[in-house]
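Below is one structure, written out as structure tokens; the observations come after it.
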Amino acid sequence: MQESIAIMCGGGPAPGINTVISTVAKVFLKSGYRVIGLHGGYKSLFAEQPEMIDFDFAFADDIQKQGGSALRMSRYKPKDAEFSTRFFLRNNVKLLVTIGGDDTASTANRISKFLAENNIKIQNLHVPKTIDNDLPLPEGSPTFGYYSAKDEGVRIAQTVYEDARTSGNWFVVSAMGREAGHLAFGIGAACHYPMIVIPEMFHKVEVTFDRITRLIISSMVKRKLLGITYGVAIVSEGVFHFMTDSEIVSSGVNFTFDDHGHPELGNVSKAHIYNMLLQHRLKHLNLNIKSRPVELGYEIRCVRPTAFDLMYCGLLGYGVKQLFDEGITGAMVTSDPAGHCAPLYLKDVEDEHGKVKPRLVDMQGEKVKMIFENGMQYLTEQDYDAARMYLPDPEEYDFNRILGW
């Protein structure tokens, strides 16, 4: 039977997925392998009848520059009891290529261990994908898709900022990022937004809606003192990851709940929640400032990859073949700025539960400190006297005091 490789995608879309799939497929077809694509991620991998396609060179070549994913994706997380060697043995699979973020990588790590325990000699290589940029890659190496998504996010965010200036209003933008604030920070910094709120800021205090609201108002009032009546605040949805369920429910939103009793955040607009709470506080303070919510997420996941990601994803795809030929397994494929591909073993970046640890925004990094200290506008102790014309207690809206810095 012809030797084969299998490619599957987990999680949500990111620009460049098709570039990785295309590159991997073409380089392995060239070497005489059958290339199988799995629809439905891990759910299909362990199904009795997996939904799969066979790649040929023409199809692989055609999808190289496209956004989205030629392989239907899924967030399904199989339990250990669902693992099986059936698909691998039936199709003489020699390599499983998984494309995804931290959850997909963690599951790939579990599968790699399962195969080894069952004496199945199948290599497993993971290509790190997420617009959140939160996988623990070497310094200077982004997750693929991040730069393309950020580029489209900046395009939209700049238009929002121009609308704010034109209309004299404020906007509250919510940006994707499940645990980390890379995307919100990158977009906000590029657009010179006066307020950026990411979960990593709250390393000394608890993340609450009250603190987020006061941070935005701090910027609004500071801009008023500067004679500017408009602005945009961007908030990472990652702040929700660090909130308690009771804090989330206290927002007043009529949530639906999952089987475990947790509020289903995917059914609501995060920007709407931020903006609604902000408007309630502004009315309480008798501050006549209009603000509007903008959700930034699904619009940027399936755009065509930029030149950076086209090149980067191609290198990662070639890196899969290189590491496979070297006998590497149970690793993420990395490519440094010079194009050198190397393995990052999943066992070296997992926590005690086998989950891959996320890469968070480094609040002590020079770039981050420069943006927060110089690129944003917010109230400090020097503004108290002037701010009293708008706030009875400006101390409560002091940026550094809110965050315990």
Side-chain angles (χ1 to χ4, degrees), residues 1-11 20-21 23-25 27-55 71-129 135 316-334 341-356:
M1 184 188 301
Q2 183 183 14
E3 293 184 337
S4 68
I5 72 159
I7 308 171
M8 56 141 288
C9 305
V20 173
I21 294 173
T23 307
V24 171
V27 75
F28 275 91
L29 286 168
K30 180 181 176 182
S31 295
Y33 288 85
R34 176 191 178 196
V35 178
I36 301 169
L38 281 162
H39 287 300
Y42 288 122
K43 190 167 189 175
S44 185
L45 177 62
F46 296 115
E48 181 65 36
Q49 295 295 329
E51 188 177 351
M52 60 190 197
I53 61 173
D54 274 75
F55 279 90
L71 298 176
R72 194 169 63 254
M73 307 180 72
S74 170
R75 294 188 182 278
Y76 184 77
K77 300 179 193 175
K79 297 179 174 62
D80 288 353
E82 298 176 59
F83 289 174
S84 167
T85 61
R86 182 176 53 242
F87 171 81
F88 302 102
L89 296 177
R90 279 181 182 176
N91 295 284
N92 197 22
V93 175
K94 298 303 177 184
L95 170 67
L96 173 65
V97 180
T98 55
I99 302 171
D102 56 348
D103 278 339
T104 307
S106 296
T107 302
N109 192 22
R110 290 162 49 214
I111 292 172
S112 182
K113 293 176 181 177
F114 166 80
L115 294 173
E117 289 166 0
N118 284 270
N119 297 314
I120 304 295
K121 293 184 178 180
I122 296 171
Q123 290 167 251
N124 166 224
L125 293 171
H126 181 76
V127 185
K129 171 274 320 169
L135 287 173
L316 291 172
Y318 297 132
V320 169
K321 183 63 164 61
Q322 176 187 316
L323 298 188
F324 173 76
D325 289 342
E326 293 173 0
I328 303 295
T329 188
M332 286 194 283
V333 182
T334 69
C341 291
L344 178 62
Y345 289 96
L346 296 170
K347 62 182 177 59
D348 294 332
V349 292
E350 68 180 17
D351 62 17
E352 62 273 19
H353 305 294
K355 180 176 171 56
V356 174

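- In this structure, Phe88 CZ and Leu95 CG are separated by 10.0 Å, a value rounded to the nearest 0.5 Å.
- The environment of CZ in Phe46 is crowded: more than 12 heavy-atom neighbours from other residues, nucleotides or ligands sit within 6.0 Å.
- At least one side-chain heavy atom of Leu45 sits under 4.5 Å from a side-chain heavy atom of Ile111.
- With salt bridges taken as basic N to acidic carboxylate O contacts below 4.0 Å, none links Asp103 and Arg75.
- Nearest heavy atoms, Ser112 versus Asn124: CB-OD1, 3.7 Å.
- Distance alone, capped at 3.5 Å, is enough to place a donor-acceptor pair between the Lys129 side chain and the Gly10 backbone.
- The minimum heavy-atom distance linking Thr329 with Ile122 is given by the pair OG1-O, 3.9 Å.
- Between the side chain of Tyr42 and the backbone N or O of Met8 there is no donor-acceptor pair closer than 3.5 Å.
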Problem set entry | Stepwise side chain to side chain contact (heavy atoms under 4.5 Å, CB included) check, Cys9 with Ile21 | CA-CA 9 Å; Cys9 305; Ile21 294 173; 3.9 Å; yes
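- Arg34 and Asn91 share a side-chain donor-acceptor pair at under 3.5 Å.
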For this session: Any chance you could lay out the side chain to side chain contact (heavy atoms under 4.5 Å, CB included) test for Phe114 and Asp80, step after step, and finish with the verdict?
Result: CA-CA 8 Å; Phe114 166 80; Asp80 288 353; over 6 Å; no
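- Scanning all heavy atoms of the two residues, the minimum distance from Glu51 to Arg72 falls at OE1-NH2, 2.6 Å.
- Using a cutoff of 4.0 Å between basic side-chain nitrogens and carboxylate oxygens, Arg90 and Glu48 are scored as salt-bridged.
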Problem set entry | Audit row: Ile5, Val24, side chain to side chain contact (heavy atoms under 4.5 Å, CB included) steps and yes/no | CA-CA 10 Å; Ile5 72 159; Val24 171; 3.7 Å; yes
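- The two atoms that bring Thr334 and Ala342 nearest to each other are OG1-O, 2.8 Å, heavy atoms only.
- Summarising the geometry of His126 relative to Thr98, their closest heavy-atom pair is ND1-OG1, 2.8 Å, with the distance given to 0.1 Å.
- Distance check, rounded to the nearest 0.5 Å: CD1 of Ile36 to CG of Leu96 gives 10.5 Å.
- Within a 6.0 Å radius of NZ in Lys77, other residues, nucleotides and ligands contribute 12 heavy atoms or fewer.
- Two residues are said to be in side-chain contact when any heavy atoms from C-beta on lie closer than 4.5 Å; Leu89 and Ile120 meet this criterion.
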Exercise. What's the verdict on ring pair (Phe, Tyr, Trp, His ring centres under 6.0 Å) for Phe28 and Phe55, showing C-alpha distance, side-chain angles and the deciding distance?
Worked result: CA-CA 10 Å; Phe28 275 91; Phe55 279 90; over 10 Å; no
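- From Met332, atom CE reaches atom CG of Leu316 across 11.5 Å, with rounding to the nearest 0.5 Å.
- Between the Gln123 side chain and the Ile328 main chain, a donor and an acceptor come within less than 3.5 Å of each other.
- For the residue pair Ser44 and His39, no side-chain donor N or O sits within less than 3.5 Å of a side-chain acceptor on the partner.
- The ring of Tyr33 has its center closer than 6.0 angstrom to the ring center of Phe324.
- A donor-acceptor contact shorter than 3.5 Å is absent between the side chain of Glu82 and the backbone of Lys43.
- When all heavy atoms are compared, the tightest approach of Ala6 to Leu38 is CB-CD1, 4.5 Å.
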